[in-house]
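Every number for a ligand or one of its atoms is a count from 1 in the order of the listing. Because the structure is predicted, anything quoted here is derived from the model rather than measured.
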Amino acid sequence: MQTEQKQIIAKAALDYIRPHLNKNMVIGVGTGSTANCFIDQLASAKHLFDGAVASSEATAERLQKYGIPVYDLNSVNHLPFYIDGADEATEHCHLIKGGGAALTREKIVAAVADKFICIADGSKLVKRLGTFPLPVEVIPMARSYVARELVKIGASPEYRQGVITDNGNIILDLWHLDITDPVNLEEKINQITGVVTNGLFACRPADLLMLSDDNQVKSYHAGQVC
Ligand code: 5RP
C-alpha cells in the first residue's frame with residue numbers, strides 16, 4: 001500500500017512542476033524509493049526539460065537508464081526545483097533524511113534549489129522528529145570521537161555497519177533524541193569536528209511538503225502555521 005501512495009505522490013509532484021518545465025531547465029532529483037517513483041514518472045516528461053542533478057550515484061544511474069542527462073552540480077547555475085523523499089516530516093516541513101545514506105549530497109542539492117519539494121507517503125508525517133534514528137555522516141577517522149561527543153548531547157549513536165557513503169564516509173544513526181528544536185540541534189551536531197552533516201533538514205526545510213494518504217494529496221508549506 002505504501003508503494004501505491006509513493007507512486008501517487010510522485011505523480012502529483014510531476015503534475016506540480018510540469019507547467020514550469022522548459023528545454024533549458026535542469027532539476028534536482030533525490031534518493032530513495034519515493035524518489036525512484038518520481039524518476040519513473042519523470043521519464044515520461046524527459047522531452048520537456050534539459051536534464052537533472054542527482055543526489056546520489058544510484059539516482060544518477062536510474063536517471064541515465066531512462067536517457068535523462070545527468071549534470072555535475074558545478075556545471076549548473078540554476079536549479080528551480082529539487083524533488084526528494086524523507087524519513088520523517090512535520091507539518092512545518094522540517095525533515096529527517098539520510099535513511100539511504102545520501103544526506104550530504106541531498107542537503108547540497110536542496111541548498112542550491114529555489115524550491116525543495118519533499119514527497120512522501122502519509123506514514124512519514126510526525127508531530128515531533130526523532131523516532132526515526134537521525135543519520136550523521138562522519139569522516140571515518142573521527143568516528144569514535146564524534147560518537148563520544150554525540151553521547152554528551154544525549155544521543156545514542158549506532159555505527160551503520162557496512163555502509164560507506166558516496167563521499168567515502170561512514171554513518172552514525174542517533175537514537176533516543178528528543179527533537180524539540182530541530183534548527184538548534186542541526187547546528188549543534190554540525191559543529192562537532194569530523195561531522196560532515198546530519199540528516200536534519202530544518203535550517204533549510206522543504207518549501208513544499210506533499211503527502212499522500214488514502215489516495216489523497218495533502219500539501220504543507222514551510223513557514224505556514226498549520
Ligand atoms: C535517502 C533519503 C530518502 O529520501 C529517505 O530515506 C526516504 O526514503 P524512501 O523514499 O525510500 O522512504 O533521505 O538518503
Side-chain angles (χ1 to χ4, degrees), residues 1-14 27-42 52-63 73 81-90 93-113 115-126 129-138 158 160-175 177 179 182 186 189-190 195-213 217 220:
M1 285 314 96
Q2 234 170 326
T3 307
E4 204 182 327
Q5 298 307 311
K6 287 176 187 184
Q7 285 163 347
I8 288 169
I9 208 63
K11 184 176 178 310
L14 180 60
I27 63 170
V29 181
T31 300
S33 56
T34 316
N36 282 347
C37 290
F38 177 72
I39 297 168
D40 297 345
Q41 294 285 333
L42 196 60
V53 166
S55 71
S56 65
E57 301 296 337
T59 289
E61 209 175 293
R62 196 176 186 95
L63 288 162
L73 181 60
F81 296 107
Y82 175 49
I83 295 92
D84 197 2
D87 298 299
E88 278 186 351
T90 70
C93 300
H94 293 153
L95 314 171
I96 285 184
K97 292 183 47 55
L103 60 158
T104 300
R105 293 190 188 192
E106 291 172 340
K107 209 173 255 198
I108 294 167
V109 182
V112 175
K115 188 157 194 162
F116 172 16
I117 303 170
C118 179
I119 54 173
D121 67 87
S123 71
K124 304 289 182 68
L125 185 67
V126 294
L129 298 171
T131 301
F132 189 93
L134 176 65
V136 182
E137 181 162 351
V138 177
E158 182 182 16
R160 203 184 292 181
Q161 295 281 348
V163 171
I164 298 291
T165 70
D166 285 349
N167 313 309
N169 299 314
I170 61 106
I171 298 286
L172 295 176
D173 290 307
L174 309 189
W175 294 85
L177 280 173
I179 308 181
E186 180 177 353
I189 294 174
N190 283 348
V195 167
V196 179
T197 198
N198 70 82
L200 274 169
F201 283 59
C203 297
R204 198 279 183 251
D207 298 296
L208 173 62
L209 171 64
M210 299 176 77
L211 298 176
S212 60
D213 227 340
V217 174
Y220 302 89

G30 near ligand 1 by a heavy-atom separation under 4.0 Å: no
Can you name the atoms of ligand 1, numbered from 1 with element, that are less than 4.0 Å from a heavy atom of D87? 5 (C), 6 (O), 7 (C), 13 (O)
Given T31, I119, I9, which has its nearest heavy atom closest to atom 3 (C) of ligand 1? T31
Suppose I only count heavy atoms of E106 and a 4.0 Å limit; which atoms of ligand 1 are within that range? 1 (C), 2 (C), 13 (O), 14 (O)
Would you call R105-E57 a salt bridge at under 4.0 Å N-O? yes
Would you mind telling me if ligand 1 is within reach of the side chain of A86, the backbone, both or neither, using heavy atoms under 4.0 Å? backbone
List the closest protein heavy-atom neighbour of atom 9 (P) of ligand 1: residue, atom name, distance to the nearest 0.1 Å. S33 OG, 3.3 Å
Modelled atom types, side-chain donor and acceptor of T197 and T104, under 3.5 Å: no
If every non-hydrogen atom of A52 is compared with every non-hydrogen atom of L63, which pair is closest and at what distance? CB-CD1, 3.8 Å
Determine the minimum heavy-atom distance between L177 and L174, stating which atoms define it. CD1-CB, 3.7 Å
Looking only at heavy atoms, the pair that brings T90 and L209 closest together is O-CD2, 3.3 Å
Among all protein heavy atoms, pick out the one at the shortest distance from atom 12 (O) of ligand 1; state its residue, atom name and that distance to 0.1 Å. K124 NZ, 2.6 Å
Give the atom numbers and elements of ligand 1 that come within less than 4.0 Å of a heavy atom of G100. 1 (C), 6 (O), 14 (O)
Using a 4.0 Å cut-off to any heavy atom of G98, which atoms of ligand 1 qualify? 2 (C), 13 (O), 14 (O)
Where ligand 1 meets D84 - atom numbers and elements under 4.0 angstrom, heavy-atom basis: 4 (O)
Considering all heavy atoms of both residues, which atom of L211 and which atom of G122 are nearest to each other, and what is their separation? CB-CA, 4.5 Å
K115 with D207: basic N within carboxylate O range, under 4.0 Å: no
Least distance between heavy atoms, A89 atom then L129 atom: N-CD2, 4.1 Å
Show the atoms of ligand 1 that are less than 4.0 angstrom away from any heavy atom in G32. 11 (O)
Is a salt bridge present between K97 and E106, judged by a nitrogen-to-oxygen distance below 4.0 Å? yes
List the closest protein heavy-atom neighbour of atom 10 (O) of ligand 1: residue, atom name, distance to the nearest 0.1 Å. T34 OG1, 2.5 Å
Using a 4.0 Å cut-off to any heavy atom of A102, which atoms of ligand 1 qualify? 14 (O)
Under 4.0 Å from one or more heavy atoms of A101, ligand 1 contributes atoms 14 (O)
Counting non-hydrogen protein atoms only, what is the nearest one to atom 4 (O) of ligand 1? Give residue, atom name and distance. K97 NZ, 2.9 Å
Going by side chain to side chain donor-acceptor pair (under 3.5 Å), name the residues that satisfy it together with T165, two or more places apart in sequence or in a different chain. E137
